[in-house]
Amino acid sequence: MATISGNKPMARYMSFYSKGFTLYTITDKRTEKVEDLEKNSNVFVLLGYEEGIFDKDYVEVEGEVSMVKNQEIIEKSWNDYMDDQYASKEDPNILVLEIKPTKINVKSKKGKEVEEIIL
């Protein structure tokens with residue numbers, strides 16, 4: 001997920017849970033990423049790319065982030081990595097980033113646009 005930090009792009013590896021076209025990810029509310037999003041809520045997400053695999057289709061998502069506290073999403077998004085980062089699923093520092101897409105591009109494995117969806 002890429003944000004704007006200062007006036008420069010900054011990309012971070014994130015895992016996502018989706019419900020319809022909306023993406024959700026968990027982060028710590030004390031991170032620089034949250035500070036960036038408080039100043040500029042626009043993000044860019046690249047889904048489907050795996051290192052060393054160039055023969056897959058992938059999706060590019062442009063969207064706006066809302067920061068929410070949603071225990072249901074925390075439960076559905078939880079993974080083993082988070083056990084090492086947080087005291088529990090109820091940790092008060094956990095924040096859910098809700099990404100509402102404004103534009104979705106589906107790209108073929110060769111980078112050719114297959115479909116553009118503007119929401």
Side-chain angles (χ1 to χ4, degrees):
M1 180 178 78
T3 62
I4 299 298
S5 183
N7 64 351
K8 296 181 180 181
M10 173 66 71
R12 298 163 176 97
Y13 181 84
M14 305 291 291
S15 60
F16 296 92
Y17 165 76
S18 65
K19 196 172 183 181
F21 286 116
T22 303
L23 298 175
Y24 299 90
T25 188
I26 294 174
T27 194
D28 190 305
K29 69 180 185 179
R30 301 167 294 185
T31 62
E32 289 180 28
K33 171 187 339 110
V34 171
E35 291 176 21
D36 293 345
L37 292 168
E38 287 171 341
K39 294 174 187 164
N40 185 335
S41 62
N42 293 294
V43 296
F44 183 88
V45 177
L46 177 64
L47 299 171
Y49 177 78
E50 295 178 42
E51 186 174 348
I53 300 176
F54 295 106
D55 62 347
K56 284 180 59 177
D57 294 347
Y58 58 97
V59 178
E60 298 172 338
V61 178
E62 292 178 28
E64 278 199 55
V65 170
S66 296
M67 293 178 251
V68 298
K69 198 69 167 158
N70 184 320
Q71 202 59 39
E72 177 187 354
I73 297 299
I74 292 169
E75 295 290 333
K76 291 181 178 183
S77 302
W78 200 260
N79 61 50
D80 293 341
Y81 166 79
M82 293 170 191
D83 286 330
D84 296 332
Q85 302 301 309
Y86 302 103
S88 72
K89 294 176 185 175
E90 290 78 30
D91 189 311
N93 293 309
I94 295 174
L95 187 61
V96 175
L97 302 180
E98 179 184 69
I99 302 166
K100 298 266 187 187
T102 54
K103 182 177 174 185
I104 299 172
N105 287 315
V106 180
K107 302 276 190 157
S108 73
K109 57 189 168 191
K110 298 194 188 305
K112 181 181 176 190
E113 189 171 292
V114 176
E115 185 173 356
E116 177 180 88
I117 304 166
I118 299 175
L119 304 168

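Sequential numbering from 1 along the given sequence is applied to the chain's residues.
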Check whether [X] and [Y] end up in the same hydrophobic cluster, where Ile, Leu, Val, Met, Phe, Trp and Tyr are linked by side-chain heavy atoms less than 4.5 Å apart.
{"X": "V34", "Y": "V96", "value": "no"}
{"X": "F21", "Y": "I73", "value": "no"}
{"X": "V65", "Y": "Y17", "value": "no"}

Closest approach of [X] and [Y], non-hydrogen atoms and distance?
{"X": "I99", "Y": "G63", "answer": "CG2-CA, 4.2 Å"}
{"X": "I94", "Y": "S88", "answer": "CD1-O, 3.5 Å"}
{"X": "M10", "Y": "S5", "answer": "CB-CB, 4.0 Å"}

[X] [atom1] to [Y] [atom2] distance, which is reported to the nearest 0.5 Å:
{"X": "L95", "Y": "L37", "atom1": "CG", "atom2": "CG", "value": "9.0 Å"}
{"X": "T25", "Y": "L97", "atom1": "OG1", "atom2": "CG", "value": "6.0 Å"}
{"X": "F16", "Y": "L47", "atom1": "CZ", "atom2": "CG", "value": "6.0 Å"}

(request) Taking side-chain contact (heavy atoms from CB on, under 4.5 Å) as the test, write out the residues that go with Y81, two or more places apart. (result) N79, Q85

(request) Apply side-chain contact (heavy atoms from CB on, under 4.5 Å) to E60 and list each qualifying residue two or more places apart in sequence or on a separate chain. (result) F44, L46, Y58, N105, K107

(message) Could you check whether any side-chain heavy atom of T3 comes within less than 4.5 Å of a side-chain heavy atom of N40, counting everything from C-beta outward?
(response) no

(message) Taking the side chain as everything from C-beta on, heavy atoms only, tell me whether M1 gets closer than 4.5 Å to L23.
(response) no

(message) Please list all pairs meeting salt bridge (Lys or Arg N to Asp or Glu O under 4.0 Å) that have one or both residues in residues 32-43, counting only residues at least two apart or in different chains.
(response) R12-D36

(request) Sort and list the pairs that fulfil salt bridge (Lys or Arg N to Asp or Glu O under 4.0 Å) and have at least one residue in residues 78-91, not counting sequence neighbours. (result) E75-K89

(message) Through direct or indirect side-chain contacts below 4.5 angstrom among Ile, Leu, Val, Met, Phe, Trp and Tyr, which residues connect to I4?
(response) none

(message) Check this for me: K69, atom NZ, are more than 12 non-hydrogen atoms of other residues, nucleotides or ligands nearer than 6.0 Å?
(response) yes

Can you name the residues that form a side-chain hydrogen bond (donor to acceptor under 3.5 Å, both in side chains) with [X], not counting sequence neighbours?
{"X": "S41", "result": "E64"}
{"X": "E98", "result": "Y24"}
{"X": "Y86", "result": "none"}

(request) Using salt bridge (Lys or Arg N to Asp or Glu O under 4.0 Å) as the criterion, list what pairs up with K29, not counting sequence neighbours. (result) none

